[in-house]
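Notes to accompany the following structure.
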Amino acid sequence: MSDKISLDDIASLAKRRGFIYQGSEIYGGLAGTWDYGPLGVALKRNITNAWWKFIVDGRDDMYGIDSTILMNPKVWVASGHVDTFNDPLIEDVKTKKRYRLDHLLEEQGYENVDAMSLEEMGQLVKEKGIKSPDGNELGAPAQFNMMFKTHVGPVEDDESAAYLRPETAQGMFTNFKNVVDSFYPNLPFGLAQIGRSFRNEISPGNFIFRLRELEIMELEYFINAGDWEKVFESWLAVQHEWFEILGLDQARLKEHEVPEADRAHYSKRTVDTFYDFPSLGFQEIAGLAYRTDFDLKSHQESSGKNLEYRPKDGGQPFIPHVIEPTFGLDRNVMAVLCNAYTEDEMNGEKRVFLKLPKHLAPVKACVSPLLKNKPELVDKAREVYGLLKKELGAVMWDDNGNIGKRYRRQDEIGTPACIVIDFQTLEDNTVTVRDRDTAAQTRVAIGDLLTTVE
RNA sequence: GCGGGUAUCGUAUAGUGGUUAAUAUGCAGCCUUCCCAAGGCUGAGCCGAGGGUUCGAUUCCCUCUACCCGCACCA
């Protein structure tokens, strides 16, 4: 059998076959940015479409939105991001290890650390001669802000400062009242969106795992506080279904109950889902968090707007609590690619193929004439191609080289079916359909092709 | 951000202080071929960027950038 599959193998196939390229590559790249090529964008779009169908259109309690990346800076103060995405870090001058300065001070018994400025904390380190956990001298503290800052309007001053959103969730909270006013849904209901987010990661890497520009598929499900445990479990089940839709192997998935100390500032319970990536091992691809009423409450206080939900039965208005399932789209794409990447042996040669679920494959079918120097075969194949192309869209034409090469090419991009027009086709209007995973061939009438391939 | 490593056609690799940088595969075209990277011919395509040393640098040195491995960080 083959050697152990590495992430490099997958990255190299992704590049070679037009799934994923390094961002700004001809200029030497830009750390933490990757571009999707023709097949990558098709795969990604198939995933987002499946998600939208499953999460939004397939349910009657979900509402889709699409909010902006730039938001009023007050949003990020109210959400807690300005505080929590802003970490004071300090370095051990000898080991070069980096520590959260506020945590370090708290561990040493200092109080009200959160209220201190960076300068005050630095001063404290100096005066008290605080050492690193390894007993070494500490350098000067520095502020690390995970949020990208920009300016709205032509003047770059503090007044115009704005952030690129580090998550899409806040757009759902800021639109909560709008959607309630438009639709007045019964509780529980949810808002969902898919969109770009930006995080100024200290160290991006591992292919598209840790990115500075990323996409998130996320929803906020508004509930009665008393129901949170039940609803939490139900969304856990929905997540399982989602990973089945993605075709991810059960054995490569793992759930992790996040202990309180590691949870986000707003969360009362968090369960992360991990996928077993080649080279990296188990890494997070989705999270489920109970955010309580933290966000809406905070936005109500901050904005002064009434964000309470008024029950239709005339009960007391209240601020709903929230269950939030989040899926890292790029990480989902990466998991799907890694899961599909398969090496086997065919006729004594190594074969690489993507065992993608049919509905996610970027190309649904490839049509070829058996021989390209026989015009009658080519004409007939063109006809079949046109037929399928019109219906399915994602159909490829290939008449290059010999038939074996075409099969291997399609294997590498995960095309489930290869359709070949041969001399028998001219006689009885049947074609050969070759299966990606088994290489088995069946004869199918042209009239039945659509149902076979779909 | 620290330490280590790497950077040569799309991909995987070889190689060199000196004429035109190589191999495989892939890619494109033509021929051939009645089903699994077969065969023949042709073609395009590479030394990450910037400095320095040198008569001459893809090769040696420095800086930068990116990627990989560790550390730290990851609300």
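Residue numbering restarts at 1 for every chain, and letters A, B, ... go by the order of the sequence lines. It should be emphasised that the depicted structure is a prediction, and the values quoted were computed from it without experimental measurement.
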- Task: Give none if B:A57 has no partner; otherwise give the nucleotide forming a Watson-Crick or G-U wobble pair with it, both distances under 3.5 Å.
- Result: none
- Message: I want to verify a distance call: between B:G26, B:C74, B:G29, whose nearest atom is closest to the A:Asn400 side chain?
- Response: B:G29
- Message: I'd like the P distance from B:A37 over to B:G26, given in whole Å.
- Response: 11 Å
- Message: Please give the distance between the C1' atoms of B:G43 and B:U59 as a whole number of Å.
- Response: 29 Å
- P atoms of B:A38 and B:A57, separation to the nearest Å: 42 Å
- Donor on one side chain, acceptor on other, A:Asp330 and A:Tyr36, under 3.5 Å: yes
- Query: Taking OP1 and OP2 of B:A38, is either one under 4.0 Å from a side-chain nitrogen or oxygen of A:Lys405?
  - Reply: yes
- Could you work out the separation of B:C27 and B:G1 based on their P atoms and round it to a whole Å? 41 Å
- Task: Determine whether more than 12 heavy atoms belonging to other residues, nucleotides or ligands lie under 6.0 Å from atom CD of A:Glu260.
- Result: no
- Note on the structure: Taken in chain and number order and not counting sequence neighbours, the residues that satisfy side-chain contact (heavy atoms from CB on, under 4.5 Å) with A:Pro73 are none
- Round to the nearest Å and state the distance from A:Ile26 atom CD1 to B:G45 atom C1'. 16 Å
- Message: Would you say A:Lys372 places a side-chain N or O within less than 4.0 Å of OP1 or OP2 belonging to B:C31?
- Response: no
- Message: Using atom C1' in both nucleotides, what's the gap between B:C41 and B:U33 to the nearest angstrom?
- Response: 15 Å
- Note on the structure: Of the candidates B:G26, B:U11, B:C34, the side chain of A:Arg17 sits closest to B:G26
- Task: For A:Arg434, answer base if it contacts any base atom (sugar-phosphate contacts may also be present), sugar-phosphate if it contacts only those atoms, and nothing otherwise; contact means non-hydrogen atoms under 4.0 Å.
- Result: base
- Item | Charged N-O contact under 4.0 Å between A:Glu201 and A:Arg212 | no
- Please state the P separation for the pair B:G3 and B:U63 - nearest whole angstrom. 11 Å
- Query: For A:Gln441 and A:Thr432, does a side-chain donor sit closer than 3.5 Å to a side-chain acceptor?
  - Reply: no
- Applying the 3.5 Å cut-off to both distances, the Watson-Crick or G-U partner of B:G70 turns out to be B:C2
- Item | Nearest listed nucleotide, side chain of A:Leu371, among B:C34, B:C74, B:C36 | B:C34
- Message: Suppose you measure atom P in B:U16 against the same atom in B:C61; what distance do you get, rounded to whole Å?
- Response: 15 Å
- Message: For A:Ser203 and A:Val420, find the nucleotide of RNA chain B closest to each by heavy atoms; which residue's nucleotide sits nearer the 5' end?
- Response: A:Val420
- Query: What is the nucleic acid contact for A:Gly205, judged by heavy atoms within less than 4.0 Å: base, sugar-phosphate only, or nothing?
  - Reply: sugar-phosphate
- Query: Reckon A:Ser12 touches a base, only the sugar-phosphate, or nothing at all at heavy-atom distances under 4.0 Å?
  - Reply: sugar-phosphate
- May I have the distance from A:Leu39 (atom CG) to B:G10 (atom C1'), rounded to whole angstrom? 14 Å
- Note on the structure: A:Gln441 has its side chain closest, among B:U33, B:C35, B:G26, to B:C35
- Separation between the C1' atoms of B:C47 and B:G15, rounded to whole Å: 11 Å
- What nucleotide among B:G10, B:C36, B:A28 has an atom nearest to a side-chain atom of A:Tyr407? B:C36
- Message: Using heavy-atom distances to pick each residue's nearest nucleotide on RNA chain B, tell me which of A:Arg291 and A:Leu30 is more 5'.
- Response: A:Leu30
- Can you name the nearest heavy-atom pair linking A:Thr415 to A:Arg436, along with the distance? O-CB, 3.4 Å
- In Watson-Crick or G-U wobble terms, with both distances under 3.5 Å, the base opposite B:G45 is none
- Task: Decide if atom CZ of A:Arg16 counts as having more than 12 heavy atoms of other residues, nucleotides or ligands within a radius under 6.0 Å.
- Result: yes
- Does any non-hydrogen side-chain atom of A:Arg434 lie less than 4.5 Å from one of A:Tyr407? yes
- Message: Could you tell me how far apart A:Leu377 (CG) and B:C34 (C1') are, to the nearest whole angstrom?
- Response: 9 Å
- Task: Check every strand shown and say whether A:Gly32 touches a base, only sugar-phosphate, or nothing at a heavy-atom separation below 4.0 Å.
- Result: sugar-phosphate
- Message: Nearest whole Å is fine: how far is B:C67 P from A:Leu7 CG?
- Response: 13 Å
- Item | Integer-rounded Å distance: B:C34 P and A:Asp428 CG | 19 Å
- Per A:Ile403 side chain, nearest of listed nucleotides B:G10, B:C36, B:C27: B:C36
- Task: Could you check how far CG of A:Asn402 sits from C1' of B:U25, rounded to whole Å?
- Result: 14 Å
- Message: Counting the atoms with a prime plus P, OP1 and OP2 as sugar-phosphate, which does A:Ala439 contact under 4.0 Å by heavy atoms, base, sugar-phosphate, or nothing?
- Response: base
- Between atom CG in A:Leu13 and atom P in B:A12, what is the gap in whole Å? 11 Å
- Message: Using a heavy-atom cut-off of 4.0 Å across all strands, would you classify A:Tyr27 as base, sugar-phosphate, or nothing?
- Response: nothing
- Task: Send over the distance from A:Arg212 CZ to B:A66 C1', rounded to a whole Å.
- Result: 12 Å
- A:Arg16 side-chain proximity, nearest of B:A72, B:U11, B:A37: B:U11
- Task: Choose from B:A66, B:C27, B:C69 the nucleotide whose nearest atom is closest to any side-chain atom of A:Gln22.
- Result: B:A66
- Any strand, both distances under 3.5 Å, Watson-Crick or G-U wobble: B:C30 pairs with B:G40
- Message: What's A:Asp411 touching, base or sugar-phosphate or nothing? Going by heavy atoms closer than 4.0 Å.
- Response: nothing
- Item | Side chain of A:Lys15 - closest among B:U33, B:G10, B:C27 | B:G10
- Task: Examine the base of B:C35 for any acceptor or donor lying under 3.5 Å from a partner atom in the side chain of A:Asp422, and report the outcome as yes or no.
- Result: yes
- Message: From the set B:C69, B:C34, B:A37, return the single nucleotide nearest to any side-chain atom of A:Leu370.
- Response: B:C34
- Provide the full list of side chain to side chain donor-acceptor pair (under 3.5 Å) pairs with a residue in residues 353-373 of chain A, sequence neighbours left out, each pair given once. none
- Message: Using Watson-Crick or G-U wobble geometry with both distances under 3.5 Å, which nucleotide pairs with B:G10?
- Response: B:U25
- Using a cut-off of 4.0 Å on non-hydrogen atoms, how would the nucleic acid contact of A:Arg351 be classed: base, sugar-phosphate, or nothing? nothing
